[in-house]
Amino acid sequence: MGMMSLSSVMVLLMILLVQVSSTQYKVGDLDSWGIPTDAKVYSKWPKSHSFKIGDSLLFLYPPSEDSMIQVTASNFKSCNTKDPILYMNDGNSLFNLTQNGTFYFTSGHSGHCQKYQKLIVSVGPYSAEADALSPSSSSADADAPSYQNAFGSIPLSQKSSSSSPLFSTVVASLACAVVVGALM
């Protein structure tokens, strides 16, 4: 019985540590998801971050003026918004990164994608495909599929990146106390 409870505690500890180390990114580090004034804003932004499983992307926009859709690589390249994998239009859209892969996003509003309101995010190993599809490039095979993903609830905080070191330390300390208690 002692081993069973220890393994359960270890699983709980691993789950807590994954959740504690996740980060919520406000897309583009901008006030809102919208048509950029610089065509390379959304192609530069993901290169300055290292996304991992458990992180999330927050798309903020006026719901009456915009939306966010997840699309396939080929639809991303051609700005085809007709058959999205995922459609969100609440103005406060949170997309959880639950697996490795390359994810393609654009606005669901007509003409916005052509004006470079589109984003590629790679989770896990570096993706040359993501670089090839950015607005600064013109050649690449864009037929690789995107991955459908579950999305989360509307967040309470709207910070650009939220991962409190103090909170992480408190949770890790509590988890260690639980493990020590289980061992006794």
Side-chain angles (χ1 to χ4, degrees), residues 22-155 157-162:
S22 65
T23 304
Q24 181 182 94
Y25 295 96
K26 184 164 47 167
V27 172
D29 292 329
L30 302 170
D31 290 332
S32 67
W33 165 247
I35 298 172
T37 55
D38 172 3
K40 294 183 180 181
V41 165
Y42 293 121
S43 63
K44 289 179 186 175
W45 179 76
K47 294 175 185 174
S48 65
H49 300 289
S50 180
F51 301 103
K52 61 191 178 311
I53 293 173
D55 289 346
S56 57
L57 305 175
L58 178 61
F59 295 81
L60 296 173
Y61 51 90
S64 61
E65 298 174 21
D66 216 336
S67 62
M68 182 282 292
I69 60 174
Q70 181 189 7
V71 294
T72 64
S74 59
N75 284 349
F76 179 90
K77 185 176 181 182
S78 66
C79 285
N80 179 354
T81 60
K82 299 290 183 216
D83 189 25
I85 296 168
L86 176 68
Y87 175 77
M88 295 180 168
N89 65 347
D90 66 356
N92 199 16
S93 302
L94 186 68
F95 186 90
N96 289 325
L97 301 169
T98 60
Q99 61 192 27
N100 288 326
T102 303
F103 301 88
Y104 305 90
F105 305 96
T106 186
S107 169
H109 278 40
S110 180
H112 287 211
C113 180
Q114 291 82 351
K115 295 177 182 173
Y116 302 105
Q117 186 182 351
K118 53 200 244 176
L119 173 72
I120 302 172
V121 171
S122 293
V123 178
Y126 174 77
S127 171
E129 177 187 19
D131 270 353
L133 288 175
S134 69
S136 59
S137 303
S138 60
S139 66
D141 179 12
D143 293 328
S146 174
Y147 300 90
Q148 188 161 7
N149 202 348
F151 54 92
S153 61
I154 296 173
S157 173
Q158 296 182 0
K159 295 180 182 176
S160 172
S161 297
S162 60

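The structure presented is a predicted model; accordingly, all values stated were derived computationally and were not measured.
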TODO: Looking only at non-hydrogen atoms, find the nearest pair between N100 and G124 and report the distance.
DONE: OD1-CA, 3.4 Å
Task: Interatomic distance, L97 atom CG to S56 atom OG [nearest 0.5 angstrom] - done: 7.0 Å
Task: Non-hydrogen atoms of L94 and Q24 that approach each other most closely - done: CD1-NE2, 3.6 Å
Open item on the list: Donor-acceptor check, side chain of N96 to backbone of T98, threshold 3.5 angstrom: yes or no?
Closed with: no
- [ ] List in chain and number order the residues that pass side-chain contact (heavy atoms from CB on, under 4.5 Å) with P46, two or more places apart in sequence or in another chain; answer none if no residue qualifies.
- [x] F51, L119
TODO: Could I get the full list of salt bridge (charged side-chain N to carboxylate O under 4.0 Å, His left out) partners for K44, not counting sequence neighbours?
DONE: D38
Task: Heavy-atom side-chain contact between K82 and V71 under 4.5 Å - done: no
Task: Listed once per pair and sorted, the disulfide (SG to SG under 2.5 Å) pairs that draw on residues 42-100, sequence neighbours left out - done: C79-C113
- [ ] Can you measure from CG (N75) to CD (Q70) and round to the nearest 0.5 angstrom?
- [x] 11.5 Å
Task: Backbone N/O of G34 and side chain of S32: donor-acceptor pair under 3.5 Å - done: no
- [ ] Look up atom OG in S122 and atom NE2 in H49, then write down how far apart they are to the nearest 0.5 Å.
- [x] 13.5 Å
Task: side-chain hydrogen bond (donor to acceptor under 3.5 Å, both in side chains) against T106, all qualifying residues, sequence neighbours excluded - done: none
- [ ] State whether the side chain of S67 and the backbone N or O of G108 hold a donor-acceptor pair below 3.5 Å, judged by distance alone.
- [x] yes
Open item on the list: Assess the residue pair L58 and V27 against the criterion (side chain to side chain contact (heavy atoms under 4.5 Å, CB included)); give the C-alpha distance rounded to whole Å, side-chain angles, the decisive distance to 0.1 Å, and a yes or no.
Closed with: CA-CA 6 Å; L58 178 61; V27 172; 5.8 Å; no
TODO: Kindly give the heavy-atom pair with the smallest separation between W33 and F59, and that separation in Å.
DONE: CD2-CD2, 3.6 Å
TODO: State, with a plain yes or no, whether a side-chain heavy atom of L57 is found less than 4.5 Å away from one of V121.
DONE: yes
Task: K52: partners by side-chain hydrogen bond (donor to acceptor under 3.5 Å, both in side chains), with sequence neighbours left out - done: D55
Open item on the list: Given the ring of Y42, does K118 sit roughly above its face, with NZ or CZ under 6.0 Å from the centre of the six-membered ring and within 45° of the axis?
Closed with: no
Open item on the list: Consider side chain to side chain contact (heavy atoms under 4.5 Å, CB included). Of I69, D66, T81, which one does H109 pass it with?
Closed with: D66
Open item on the list: Quick one, P63 and N89 - any side-chain contact, counting heavy atoms below 4.5 Å?
Closed with: no
- [ ] Please report the closest heavy-atom contact between M68 and S93, naming both atoms and the distance.
- [x] CE-CB, 4.4 Å
Open item on the list: Looking at every non-hydrogen atom in both residues, tell me the closest pair between M88 and Y61 and how far apart they are.
Closed with: O-OH, 3.1 Å
TODO: Enter the distance from F103:CZ to I85:CD1 here, rounded to the nearest 0.5 Å.
DONE: 9.5 Å
Task: Shortest non-hydrogen separation from K26 to W45 and the atoms involved - done: O-CZ2, 3.5 Å
Open item on the list: Are T72 and Y104 packed together at the side-chain level, in the sense that at least one heavy-atom pair is separated by less than 4.5 angstrom?
Closed with: no
- [ ] Indicate yes or no: at least one non-hydrogen side-chain atom of Q117 is less than 4.5 angstrom from one of P36.
- [x] yes
